[in-house]
Amino acid sequence: MRKISGNECIFGVLQGNTPACKRGFTLIELLVVIAIIAILAAMLLPALSSARASAKSAACMSNLKQINIALNMYADNNDDYFPPSSMKNGDCWMNYIADHDATNGIMFNHNKDIASMFHCPAESTKFGGHNSLSAQYGHYLANVYVMGSKGTSNKRDRVYKRAVFEEPDKVMLVMDGFRLDGSTATYPALLSFRHGSGDDRPLATNGKSHSTSHIAGPGGLCNVLYVSGAVRPINMPSIYGSAGSGNGLIRDSNGTLVCGPDKYGSKSGIL
């Protein structure tokens, strides 16, 4: 019988008092492990992406709820009126519920807590100074048919008390939107449907609305704060119509008027 030396490996084990023999992976084994990891990653990444999007939408809804508290605190101290959505001197509704001064406007760059309330985490474009890359205001727009805008036409300079609205849960107050140079929504095309599948339309700038020929897809969602205080996501076709007709800012999903001068003109104030 052949004598086994002290360092000879039999069936993967060194004989004698030496430690176990280490055998490396074969190329096939490594490729199998890599393939399994790739499959697991492909399965998990969509779930992680969805969770991230849901978290951003939840944070956005939280912002709108904070804005609702601030707007109602303003109304409590101003004869039941919400602040105007915009004024000719450049003031907007945000100025009335956030710290500001004549030089800097809303103190976006001076108070991170204030800035975060008007920042939707699903919107990558910065704000706080109007130029080609950032917005003058935040990522939310006020419904001009509820809060009014001084110096505008088509009776958009009307303001209304909270008690006027017969169905406050159907009246949109503040919503996801994006204008580089404005803080008010006059048409649903100015709303941003950046949640869900996302909004692939270009940003509205220089007073120009989004083209009605390019409707955000049904998978894109816009978070909306209603006069009642409720916050819900909606898609563009549900309020604007697939053909780009109608105005969901003043009508409910059935096309019935719920706000605006044609509904409450005699009960409005004029800025």
Side-chain angles (χ1 to χ4, degrees), residues 60-61 64 67-68 71 75 81-86 92-94 120 137-162 164-179 181-195 199 201 203-204 207-216 218 220-265 267-271:
C60 172
M61 289 183 172
L64 290 171
I67 289 171
N68 175 64
L71 289 174
Y81 287 104
F82 289 119
S85 65
S86 64
C92 69
W93 59 276
M94 299 173 186
C120 175
Y137 303 98
H139 295 153
Y140 302 105
L141 299 179
N143 188 348
V144 71
Y145 297 104
V146 175
M147 295 164 65
S149 178
K150 187 173 180 61
T152 55
S153 59
N154 299 324
K155 299 180 180 179
R156 294 174 187 160
D157 57 352
R158 308 296 177 90
V159 290
Y160 307 86
K161 292 187 176 184
R162 291 175 296 183
V164 164
F165 302 106
E166 299 169 359
E167 298 180 281
D169 200 45
K170 294 183 178 181
V171 181
M172 292 187 284
L173 183 59
V174 176
M175 63 289 291
D176 273 317
F178 203 87
R179 296 180 63 179
D181 55 353
S183 61
T184 63
T186 51
Y187 299 100
L190 286 171
L191 276 59
S192 177
F193 298 81
R194 50 181 162 245
H195 304 285
D199 192 340
R201 298 172 304 158
L203 302 179
K208 297 179 180 179
S209 301
H210 287 307
S211 170
T212 57
S213 64
H214 188 179
I215 304 299
L221 299 174
C222 171
N223 287 332
V224 177
L225 165 65
Y226 292 84
V227 170
S228 66
V231 177
R232 297 190 297 271
I234 58 173
N235 63 19
M236 192 170 191
S238 70
I239 66 166
Y240 206 65
S242 59
S245 60
N247 190 339
L249 293 175
I250 59 176
R251 300 178 183 276
D252 64 13
S253 58
N254 296 317
T256 303
L257 279 173
V258 294
C259 67
D262 292 334
K263 176 71 174 178
Y264 297 117
K267 299 180 180 179
S268 65
I270 299 178
L271 292 171

Q: Nearest 0.5 Å, what's the CE-CZ distance between Met175 and Phe193?
A: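 So the CE of Met175 and the CZ of Phe193 are separated by 9.0 Å.
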Q: Indicate yes or no: at least one non-hydrogen side-chain atom of Pro83 is less than 4.5 angstrom from one of Met147.
A: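 Side-chain contact under 4.5 Å: yes.
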Q: About how many Å separate OH of Tyr145 and CZ of Arg158, when rounded to the nearest 0.5 Å?
A: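 Separation between the atoms: 12.5 Å.
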Q: Of the options Asn143, Val224, Val146, which is the one that meets Leu173 in a side-chain contact (heavy atoms from CB on, under 4.5 Å)?
A: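 With Leu173 as partner, Asn143, Val224, Val146 yield a single side-chain contact (heavy atoms from CB on, under 4.5 Å), made by Val146.
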Q: By side chain to side chain contact (heavy atoms under 4.5 Å, CB included), which residues pair with Val231, not counting sequence neighbours?
A: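 Checked Val231 against side chain to side chain contact (heavy atoms under 4.5 Å, CB included); matches are Met61, Leu64, Lys65, Leu225.
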Q: Determine, step by step, whether Leu191 and Asp176 satisfy the side-chain contact (heavy atoms from CB on, under 4.5 Å) criterion, reporting the C-alpha distance in whole Å, the side-chain angles of both residues, the deciding distance to 0.1 Å, and the verdict.
A: CA-CA 6 Å; Leu191 276 59; Asp176 273 317; over 6 Å; no
Q: How many angstroms lie between atom CG of Leu221 and atom CZ of Arg194, to the nearest 0.5 angstrom?
A: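 Here the rounded value is 12.0 Å.
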Q: Please list, chain by chain and in numerical order, all residues satisfying side-chain hydrogen bond (donor to acceptor under 3.5 Å, both in side chains) with Tyr140, sequence neighbours excluded.
A: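 side-chain hydrogen bond (donor to acceptor under 3.5 Å, both in side chains) list for Tyr140, sorted by chain: Asn63.
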Q: For Ser192 and His139, run side-chain contact (heavy atoms from CB on, under 4.5 Å): C-alpha distance rounded to whole Å, both residues' side-chain angles, the deciding distance at 0.1 Å, then the answer.
A: CA-CA 9 Å; Ser192 177; His139 295 153; over 6 Å; no
Q: At their closest point, which heavy atom of Thr186 faces which heavy atom of Leu190, and how far apart are they?
A: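 Minimum heavy-atom contact is OG1-CD1, 3.6 Å.
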Q: Does the ring center of Phe82 lie less than 6.0 Å from the ring center of Tyr160?
A: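 Phe82 vs Tyr160: aromatic centres not under 6.0 Å.
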Q: Taking Ser149 for the side chain and Thr184 for the main chain, is one N or O donor matched with an acceptor at less than 3.5 Å?
A: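 Flag not set: sc Ser149 to bb Thr184 has no pair under 3.5 Å.
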Q: Once side-chain hydrogen bond (donor to acceptor under 3.5 Å, both in side chains) is applied, do any residues pair with Asn223, and if so which ones, sequence neighbours excluded?
A: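 Checked Asn223 against side-chain hydrogen bond (donor to acceptor under 3.5 Å, both in side chains); matches are Ser57, His195.
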Q: Do Trp93 and Val174 come close enough that some side-chain heavy atom pair is under 4.5 Å?
A: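 With C-beta onward as the side chain, the pair touches.
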Q: Could you give the distance from OH (Tyr226) to CE (Met172), rounded to the nearest 0.5 Å?
A: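 The OH atom of Tyr226 sits 6.0 Å away from the CE atom of Met172.
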Q: What pairs meet the salt bridge (charged side-chain N to carboxylate O under 4.0 Å, His left out) rule with one or both residues in residues 224-236, with sequence neighbours excluded?
A: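 Sorted pair list: Asp169-Arg232.
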Q: Under the side-chain hydrogen bond (donor to acceptor under 3.5 Å, both in side chains) test, which residues partner Glu166, sequence neighbours left out?
A: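 If we apply the side-chain hydrogen bond (donor to acceptor under 3.5 Å, both in side chains) test to Glu166, skipping adjacent residues, there are no hits.
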Q: Write down the atom of Phe165, the atom of Val171, and the distance for their closest heavy-atom approach.
A: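 Smallest interatomic distance, heavy atoms only, reads CD2-CG2, 4.1 Å.
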Q: Taking all non-hydrogen atoms of both residues into account, name the closest pair between Leu249 and Ala185 and its distance.
A: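 Closest heavy-atom pair between Leu249 and Ala185: CD1-O, 3.5 Å.
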Q: What closest approach, in Å, do Gly260 and Ile250 show between heavy atoms, and which atom pair accounts for it?
A: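 Heavy-atom minimum between the residues: CA-CG2, 4.4 Å.
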